[in-house]
Each structure stands twice: as structure tokens, then as C-alpha cells.
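Scroll down for the structure; my scribbles are underneath it.
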Amino acid sequence: MTLGMLEKEGEEHLKEAGVPDAALDARYLLLDVWNMSLASYLTCREKKIALDGESGGHVCRYRELIAQRAGRVPLQRITGCQEFMGFSFRVNAHVLIPRQDTETLVELVLREQAKLGRTGRPASLLDMCTGSGCIAVSLVKLGNFCRAVGADISPEALQAAEENKRILLGSEAGRLQLIESDMFDRISPQERFDVITSNPPYIPSRVIEGLEPEVKDHEPRIALDGAEDGLKFYRILAEGCREHLVPGGYVYMEIGWDQAGDVKEIFASRGYKELTVTKDLAGLDRVIRAVWPGKGEEENHV
Ligand code: GLN
């Protein structure tokens, strides 16, 4: 038995179970169990491995993980982490696994806010529905934010965010405060931010049943379900951001591919300006940005 043969065995098992990307997942799990880089795997995959002792234990563990993945448990739930913006984020059963689509949002915030410069003053950030904290932690690491708040309704999700904050922000961890809050309920009424970001639950309830088993059976429903029309949390954001953005403050939200028109309408009708839609790498509408002009300003234009 060689590692290469074991990888092939895992791949076949995953293929039979209908797992997309069976070959890649079989390889990732192998590298994870042997705690090995791709380079060292490629140099030793033809060498014989022992089926007893430590190596035998690894073989059993690998087969166990392949069986889990064949049961459509997401890869990241098995390995416990997902890369996002070049950082390795820990995930647990209570957070949405960070998606590449969401990097579109982070990159847009970084680009636009750097351009604004905000007269040299570092900006403040609120990340609503923070989950694993991937948006908030990445922006604190890569952007010019002096203070950030990440809010989530789930205390278990916040445990993952706390861990990511501690591991990834290190000595800068003090810049990010994590708060258990049902949307804006526990955000201090006087506090206003320069930037608000959110990847809220946005999938219409009835659509969830049609999603891949990895998502519908293993990702937290609470992080996906945007109620009947999928738009519930954008309406709450549109109300709450009026109270919690400085005049001229920016809100950036991830949206479903077919929601740009509806979400723009929700924000435009509440007085927001400068609405833009940004596409993800697949060419689908993915991020809406809106600017809150401030009370008075907005009233002149409604
Ligand atoms: N983009 C995610 C998915 O399609 C959903 C994320 C969300 O609801 N915020 O699985």
C-alpha cells in the first residue's frame, strides 16, 4: 500500500457517493491526516506505507474521514478550517463556511475605503451577522480600521469568531469587539460607524431544500434562511444602518445572484444614495454598496 493508492481509494469512494471534486477532497483529507505539504506528498506518494503502528493509525483515520465526507459532511467541517483572504479561519458547526464569493465584498471595501482615505483618520467598522468573523477579521488585518465590532445572534458562532480573532489578530485583537446581538438590538443606540458590512442569511426558505446536502444538512440554517422572500435581513439592515452609520457612511452587503434589484429598491426607498452592484468571480451580482447621506439630506431626496 502506498499513499498514492490510498488517495485513489478515497477518491473512488467519494465519487461513488456523488461528492463533487472527489479527487481534490481525497487529497486534502490525506494531507490533513498526515499533516503534510503537497510538495512532500508528491515526492513520497509512491513509497510503501506500514499498516501498523502510527502509520496504520493514520490509514484508519483517513478512511474514517473519507466515510464522513462520503456522507456529505463539508470538507471544511472535517478539517475544521477554511482559507479566506489568505488566512486560515477556524469553523464550527454554527458558522457558515467562508465562501470565495464573500472575498468580493472584502476586496471592494478595501479598495473603496483606501481610496476615500477618510482624511487619514482610521475608520470604524460594524460587521453584522459576523459568523466565523471572516469579514471583520480580514478587514481589521488588511484595512485601516481602528475599531471594529462584529455582531451575531449565535453565541456558538461567536466562539469561532473569538478563536479566529485571537489566532489571526494576535496583538491587534483589541481592535475587534464581538457582541451577541440579534441584528442591531444590542448595538449601543448612540454608536455610529463609518462602514457597516454584512453577509446576512439571504436564501428564501423554500429554496434551501434544493441546495446541495453539504449546505442544507450541515450548514447552520440560521445563517442561510432569509425568510419567505430571502430579503428579511436587508429590510432590517436598511432601517438599522440609518441609525448606525455616520452621514456619508458606507454599507456593503453580500446578496444572492438574483437579489440586486430588490435590495437596491429597499435601500433607495429609504433614502440611501450611490447604490452600486459588484459581481463575483463567476460574473454574478454579489455585493451591494450604499451610502447613507444622513438625516435631512435624505429627506430632501425621498
Ligand atoms: N452564499 C451562500 C450559499 O449559497 C449563502 C450565504 C448566505 O445566505 N449569506 O450557500
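One-based numbering, in listed order, for ligands and for the atoms of each.
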| message | Under a plain distance cut-off of 3.5 Å, with no hydrogens placed, do Ser88 and Glu83 share a side-chain donor-acceptor pair? | response | no

| query | Which atom names give the shortest non-hydrogen contact between His94 and Ala157, and what distance separates them? | reply | O-CB, 3.6 Å

| field | Arg175 side chain vs Phe145 backbone, donor-acceptor pair below 3.5 Å | value | yes

| said: My understanding is that only one of Phe267, Phe193, Tyr250, Tyr272 makes a ring-ring contact (aromatic ring centres under 6.0 Å, His included) with Trp292; could you say which? | reply: Tyr272

Check ligand 1 for N or O atoms under 3.5 Å from a protein N or O and list each pair with its distance.
from: ligand 1; atom 1: 1 (N); to: Tyr202; atom 2: OH; distance (Å): 2.9
from: ligand 1; atom 1: 8 (O); to: Tyr202; atom 2: N; distance (Å): 3.1
from: ligand 1; atom 1: 9 (N); to: Asn199; atom 2: OD1; distance (Å): 2.8
from: ligand 1; atom 1: 9 (N); to: Pro200; atom 2: O; distance (Å): 2.7
from: ligand 1; atom 1: 10 (O); to: Arg99; atom 2: NH2; distance (Å): 2.7

| request: Could you tell me whether the side chain of Met1 reaches within less than 4.5 Å of the side chain of Leu6, counting heavy atoms only? | output: yes

| message | Can you tell me which residue among Thr102, Thr104, Asp280 is in a side-chain hydrogen bond (donor to acceptor under 3.5 Å, both in side chains) with Arg286? | response | Asp280

